[in-house]
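Just so we're on the same page: letters track the sequence lines, and every chain starts at 1. Computation of the quantities below employed the complete heavy-atom set of this structure, encompassing side-chain atoms and omitting hydrogens, waters and symmetry-equivalent molecules. Worth saying up front: this structure is predicted, and the values here are computed from it rather than measured.
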Protein chains: 2
Amino acid sequence: MTPHPLRVHLEQIAPLTDGEFDYILGHFMPRAFRRHQFVVQEGMAVPGDFFVVKGCLRAYHTASDGKESILQFATENWWVTDYDAYYRERPATISIDCIEPCELLCLSLLNREKLCAELRGVEHFFRKKSNAGYVALQQRILSLLTTNAAERYEQFAAQYPHLLQRLPKTMIAAYLGVSRETLSRL
Amino acid sequence: MTPHPLRVHLEQIAPLTDGEFDYILGHFMPRAFRRHQFVVQEGMAVPGDFFVVKGCLRAYHTASDGKESILQFATENWWVTDYDAYYRERPATISIDCIEPCELLCLSLLNREKLCAELRGVEHFFRKKSNAGYVALQQRILSLLTTNAAERYEQFAAQYPHLLQRLPKTMIAAYLGVSRETLSRL
DNA sequence: ATTTCGGTGTGAGGTAGGTCACAGCCTACA
DNA sequence: TGTAGGCTGTGACCTACCTCACACCGAAAT
């Protein structure tokens with residue numbers, strides 16, 4: 001029997017006994033979503049942090065003129081939510097929806113803090129994960145500050161080759177901060 | 001006697017006994033820097049993560065054409081380093097220098113991990129801190145994706161009013177990703 | 001006292017990328 | 001099997017912002 005994807009993911013940072021993993025998994029709520037379905041919707045409460053078992057999602061902000069900017073994509077073994085709203089227990093200011101049918105594991109803030117308090121390994125995992133995420137966002141900021149549309153697209157293609165085929169170009173443009181048309185002209 | 005600024009800072013997230021704080025402080029190396037002095041220099045090893053007791057710094061990237069983009073400012077009670085290089089123990093890819101004379105506390109990666117392993121409160125503190133930092137960077141990315149020069153400057157002024165007087169406009173421009181001249185025209 | 005230099009304002013002109021509009025092509029679904 | 005809607009390409013125009021150039025000012029340095 002192949003190990004659970006969440007277990008593989010956690011154990012890349014913190015080793016776990018069978019009992020510990022079962023205990024952890026029990027704090028996640030499995031949820032399935034259809035294509036185009038909202039996982040988090042602007043203005044609504046955020047039910048948890050979502051670990052992606054299968055599928056593809058986008059977290060995006062909608063401006064008053066209707067233009068959408070994509071903050072993050074998420075595929076297998078990524079985590080996604082509106083972190084600002086999640087940590088502070090406020091209504092969401094961004095929306096997250098499914099680009100493909102999704103199987104997710106939802107971890108409520110209460111359960112996250114409970115697990116972190118009870119199991120050192122879990123708090124260690126989330127610290128390391130957050131550190132890595134911070135670094136990745138810094139790099140994206142530098143990319144936005146220093147490079148033009150073509151260079152950003154190249155960087156994206158080099159960093160996420162698997163997403164190139166999986167995502168419509170329109171969405172990649174909304175992630176890179178470029179218009180659909182400009183991206184189309186390479 | 002007024003409590004140590006680092007202690008105040010840590011205790012906003014994790015309460016500490018006198019003994020614990022003394023033990024923690026013993027893992028930091030106090031260092032003083034002059035105006036314009038490098039704290040971290042591109043290509044060199046990163047000695048640690050720096051807690052700012054006093055002063056003002058900038059972390060910036062220099063492009064091949066010499067143009068500087070500022071990733072982060074740091075003043076009293078902020079942390080700053082090249083996190084990518086620090087966590088991965090690689091040579092720095094950004095530089096950090098002092099805008100004012102600085103008193104810093106340097107925490108090596110070894111001591112950070114040691115403290116995190118020995119004291120729950122410390123690991124908890126760094127997890128929370130990293131989470132908050134992640135959210136702040138997400139907001140900056142959204143700002144870069146969705147707003148123009150004037151709006152970004154307004155947001156910056158609203159968020160960091162004390163930095164407006166403390167920093168030359170040229171640097172604020174390099175932080176916002178706008179030319180000095182455009183910022184000058186408001 | 002004079003010079004240098006960092007910081008700032010402002011004008012003129014250039015350009016990367018935005019906006020708008022239309023057309024072609026799929027897939028899905030009735 | 002027709003039609004509607006998502007995705008992409010492309011042309012024509014427009015504009016926010018960049019670049020270059022010069023001028024002014026105050027603080028520091030000699």
- Task: Determine: side-chain N/O of B/K67 to OP1/OP2 of D/dT19, distance under 4.0 Å, yes or no.
- Result: yes

- Task: Starting from C1' on C/dG6, measure out to CD on B/E100 and report it in whole angstrom.
- Result: 16 Å

- Task: Find the distance A/I172:CD1 to D/dC7:P and express it as a whole number of Å.
- Result: 12 Å

- Query: Is it true that a side-chain atom of B/R35 and a backbone atom of B/I99 form a donor plus acceptor pair closer than 3.5 Å?
  - Reply: yes

- Query: Which of residues 147-171 of chain A have a heavy atom under 4.0 Å from DNA chain C?
  - Reply: A/N148, A/A149

- Parallel, tilted or perpendicular for A/Y83 and B/Y134, by the 30°/60° rule? perpendicular

- Note on the structure: Taken to the nearest whole Å, CG/B/L186 to C1'/C/dG11 is 17 Å

- Salt-bridge contact B/E76-B/R166 (side-chain N to carboxylate O under 4.0 Å): yes

- Between A/R180 (CZ) and D/dG6 (P), how many Å, whole number? 14 Å

- According to a strict under-4.0 Å criterion, is A/S184 in side-chain N/O contact with OP1 or OP2 of D/dT8? no

- Message: Distance criterion of 3.5 Å, no angle test: do you see the side chain of B/E181 paired donor-to-acceptor with the base of D/dC20?
- Response: yes

- Nearest-Å distance for atom pair NE2/P, residues B/H36 and C/dG6: 8 Å

- Message: Between A/D18 and A/R7, does any side-chain N to carboxylate O distance fall below 4.0 Å?
- Response: yes

- Message: Without decimals, in angstroms, what is the distance between B/L183 CG and C/dG9 P?
- Response: 8 Å

- Task: Please confirm whether A/F51 and A/F28 have ring centers closer than 6.0 angstrom.
- Result: no

- Whole-Å distance between D/dC17 P and B/L176 CG? 12 Å

- Message: Whole angstroms only, please: what is the CZ-P distance between A/R58 and D/dG6?
- Response: 12 Å

- Message: With a 4.0 Å limit, can you tell me whether A/S179 has a side-chain N or O closer than that to the phosphate oxygens OP1/OP2 of C/dG18?
- Response: yes

- Message: Would you say the ring centers of B/F126 and B/W79 fall short of 6.0 Å from each other?
- Response: yes

- Query: Below 4.0 angstrom, N of the basic side chain to O of the carboxylate: do B/E181 and B/K169 qualify?
  - Reply: no

- State which of D/dT10, C/dG11, D/dC18 makes the closest approach to the side chain of A/R185. D/dT10

